[in-house]
Amino acid sequence: MEKQSLKKQILFGAIFGLIFSYSAILKNSEAELNLYVIGELIGGAIGGAVLYCILYRFWPKK
């Protein structure tokens, strides 16, 4: 596994977080764009970035 920069880790994590949170929002019957949905998307992006960075640090490099 090649070494990734912190910017790339944050970008990948945010994209994955957005995808997962957006798919969870689409399962909801009321998927209107309001402040609650925007907050969920932002929270998903931040959470995904943090989780990806943590997993990248502790994942075996071999």
Side-chain angles (χ1 to χ4, degrees):
M1 174 186 278
E2 69 180 49
K3 190 172 185 174
Q4 291 180 349
S5 68
L6 185 60
K7 290 180 187 178
K8 192 181 257 188
Q9 291 175 27
I10 292 172
L11 180 68
F12 284 158
I15 289 172
F16 290 139
L18 276 174
I19 290 170
F20 288 132
S21 61
Y22 190 65
S23 67
I25 290 169
L26 286 179
K27 289 180 183 178
N28 188 1
S29 61
E30 298 177 15
E32 298 177 4
L33 188 62
N34 54 22
L35 288 178
Y36 180 74
V37 172
I38 292 171
E40 281 189 359
L41 290 174
I42 292 171
I46 293 171
V50 169
L51 183 64
Y52 186 85
C53 288
I54 290 171
L55 287 176
Y56 184 80
R57 299 269 186 231
F58 296 111
W59 199 264
K61 301 291 186 214
K62 292 182 181 180

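Scope of the values below: all heavy atoms of this structure, side chains included, with no hydrogens, waters or symmetry mates.
- Around atom CG of Leu35, no more than 12 heavy atoms belonging to other residues, nucleotides or ligands sit under 6.0 Å away.
- Taken together through direct or relayed side-chain contacts under 4.5 Å among Ile, Leu, Val, Met, Phe, Trp and Tyr, Phe20 and Tyr36 form parts of separate hydrophobic clusters.
- Leu18 and Leu41 get closest at one heavy-atom pair: CD2-O, 3.5 Å.
- Below 30°, between 30° and 60°, or above 60°: for Tyr52 and Tyr56 the angle between ring planes is below 30°, a parallel geometry.
- Across every non-hydrogen atom of Gln9 and Gln4, the tightest pair is NE2-O, 3.3 Å.
- Atoms CG and CZ, on Leu11 and Phe16 in that order, are 9.5 Å from each other to the nearest 0.5 Å.
- Of all non-hydrogen atoms in Ala49 and Ile10, the two that sit nearest each other are CB-O, 3.7 Å.
- The same ILVMFWY cluster, assembled from side-chain heavy atoms under 4.5 Å apart, contains both Ile46 and Ile38.
- In this structure, Glu40 contributes its side chain and Ser21 its backbone to no donor-acceptor pair below 3.5 Å.
- Hydrophobic cluster membership is shared by Leu26 and Val37, with clusters built from Ile, Leu, Val, Met, Phe, Trp and Tyr side chains linked at under 4.5 angstrom.
- At a threshold of 4.5 Å between side-chain heavy atoms, the hydrophobic network of Ile, Leu, Val, Met, Phe, Trp and Tyr places Ile42 and Tyr22 in one connected group.
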